[in-house]
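Accompanying notes for the structure given below.
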Amino acid sequence: MEVKLENLSKVFPGTKGRPSTTAVDHMNLTIPDGQLVGLLGPSGCGKSTTLYMISGLHKPTEGKIFFGDQDVTNVPPEKRGIGLVFQNYALYPHLTVKQNIMFPLENIRPKMSKPEMVAIANEMAKLVDIDRYMDRKPKELSGGQQQRVAIARALAKKPQVLLLDEPLSNLDARLRLQTREEIKRIQRETGITTIFVTHDQEEAMSISDFIVVMKFGEIQQIGKPQDVYDEPANLFVAKFLGSPAINVFDGLIKNNRLYLNDKLVSNAGFVGKGELDLGSEDTYRVFTEKGFKGNYNDYLRIVYHFDEQNQNEETEKDKSSKDKKNDEPKIEKVYDKGEAITDREFQNIILERMELEGQKLQKLEVEEGLEKLREDNGLNRIVKIAVRPECFEIDEKGKIPVDIKNIEHIGRDVSIVGNISNQDNHVRILIPSELRSQLTTDQLYFSAKKYYVFETSGKRLK
Ligand SMILES: Nc1ncnc2c1ncn2[C@@H]1O[C@H](COP(=O)(O)OP(=O)(O)O)[C@@H](O)[C@H]1O
Ligand SMILES: [Mg+2]
């Protein structure tokens, strides 16, 4: 059964003067039939609230929920055909495993016969591999076994959608791993559309066909686990996925290039075409401060002139100003308006123009003006460079100098903890243990096989 959330919101009203909480904020999501989707995010981001709205236990403040073509937004929970499993197994302690699994079948109308119910209980118990313990009480079972009973009970009514809210959180590490595999297997065998809520990124990554990463009630990214890991949409997602966590350092974008600690990391242009508007008032203002005395329209005329020459037409205004002035700037190259030009071209234009105005400007001053323009327009700025621990390579020509503080073995890898020179944050690097012998000094240079660049706001740039 396909599940579709349309513009779904839940606002909990504030009580006793406390502000209201927007737990889910205009969520749009389609979960294809038969898939297992992991709803992932930190505590309080709205995962449970989303699940309870899908189940019908919470009424949305806004938006709609569809199961297939049917709008179920106002359908009561018991009529939605869902199975729910919570973190605390919530089994009836005085009932046996069999009675627990059969319990939801008791109030089905028309009433089922006892043998029918027992048959279903046996089938479900087999499915979750608990059929040996049918006559035990919950307290005689391990946590993992209890959770399997809870899943069998949720499946007894053959739901169209299975909803699991942190079902593994109360299990110890080994059982958590085992039960996780079980859930995956059961989901595959039954083909039931399943929504699995967890705050544990590794759990979500390993079990899900695709994951939905949430923060503050909003979806950050949807995708296959590996794709989201490899191409995080923003800094939050990059940091939330992966253990050990991704390393983040400060970088600088200057003159369209990326620097780390004054070392050029990438020449790649970080500014799109035509983002610095030569005809803008800003440009005019900056160069006026530098000593340019012509008036604004004169300045603009040059910029427009490029354009008009290109289009072989001139406005009345240009014609009249041409008549007035014979010393029209000689422009060798014709630019399209909005075309990206190099620093040098820009400098030459400015210098030429200044000279025509009788102003002798130094190249350095033009560079400074350009620099200021970039800063004013947010084109030179601090950014975040992020590298996953496994993406470093020892490289004597590398751009990342690391002061090594500690080296330890983690499984087949060597983990290096240190600092990047001039930066506060720790960095953790994983390299294959064969390379251990290369770690001979306290400072080593690394390069990154892959890195991401984010605005300080978290928006991904590269
Ligand atoms: N019944 C409720 N009344 C008021 N606020 C609630 C209620 N349930 C959840 N919230 C708030 O909504 C936000 C999302 O909660 P929840 O969906 O439980 O998050 P998660 O399951 O991701 O940890 C939190 O800020 C939480 O405090
Ligand atoms: Mg929750």
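The analysis underlying the following values was restricted to heavy atoms, covering all of them including side chains, and did not include hydrogens, waters or symmetry mates. Start at 1 and go down the list; that is how both ligands and their atoms are numbered.
At under 3.5 Å, a nitrogen or oxygen of S48, whether backbone or side chain, sits near a nitrogen or oxygen of ligand 1. At under 3.5 Å, a nitrogen or oxygen of T49, whether backbone or side chain, sits near a nitrogen or oxygen of ligand 1. In terms of N/O distances under 3.5 Å, ligand 1 is not approached by F12.
For ligand 1, the atoms closer than 4.0 angstrom to any heavy atom of A23 are 12 (O), 13 (C), 14 (C).
Each protein N, O or S atom less than 2.8 Å from the Mg ion (ligand 2) was counted, giving 1.
Assignment of G41 to the shell around ligand 1 is not supported, since no heavy atom sits closer than 4.0 Å.
Residue, atom and distance of the protein heavy atom nearest to atom 25 (O) of ligand 1 are T21 CG2, 3.6 Å. The nearest protein atom to atom 19 (O) of ligand 1, hydrogens excluded, is given as G46 N, 3.2 Å; this is a heavy-atom distance. With respect to atom 14 (C) of ligand 1, the closest heavy atom belonging to the protein is G44 O, 3.4 Å.
For atom 4 (C) of ligand 1, a protein non-hydrogen atom is found at a distance below 4.0 Å. In this structure, atom 27 (O) of ligand 1 has its sub-4.0 angstrom surroundings free of protein heavy atoms.
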Item to complete: Assess whether salt bridge (charged side-chain N to carboxylate O under 4.0 Å, His left out) is satisfied between K450 and E231, documenting all intermediate values.
Response: CA-CA 11 Å; K450 176 162 190 167; E231 296 301 336; 2.7 Å; yes
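Note on ring orientation: taking the six-membered ring where Trp is involved, the planes of H58 and F12 are perpendicular (angle over 60°, cut-offs 30° and 60°). Aromatic ring orientation, F454 versus Y452: tilted (interplanar angle from 30° to 60°).
L36 places none of its side-chain heavy atoms less than 4.5 Å from the side chain of T193. Under the 4.5 Å side-chain criterion, counting only non-hydrogen atoms from C-beta, E408 is not in contact with V414.
Remark: K449 NZ is packed, more than 12 non-hydrogen atoms of other residues, nucleotides or ligands lying under 6.0 Å away. The number of heavy-atom neighbours closer than 6.0 Å to NZ of K239, taken from other residues, nucleotides and ligands shown, is 12 or below.
Under the 6.0 Å distance and 45° angle rule, R428 does not count as a cation-pi partner of F392. Taking the ring centre of Y451 as origin, the terminal cationic atom of K462 falls inside the region bounded by 6.0 Å and 45° from the ring axis. A cation-pi contact, defined as under 6.0 Å to the ring centre and within 45° of the axis, links K215 to F236.
For residues 111-133, every residue pair satisfying the salt bridge (charged side-chain N to carboxylate O under 4.0 Å, His left out) rule, not counting sequence neighbours, is listed here: E123-K158, D129-R132, D129-R148.
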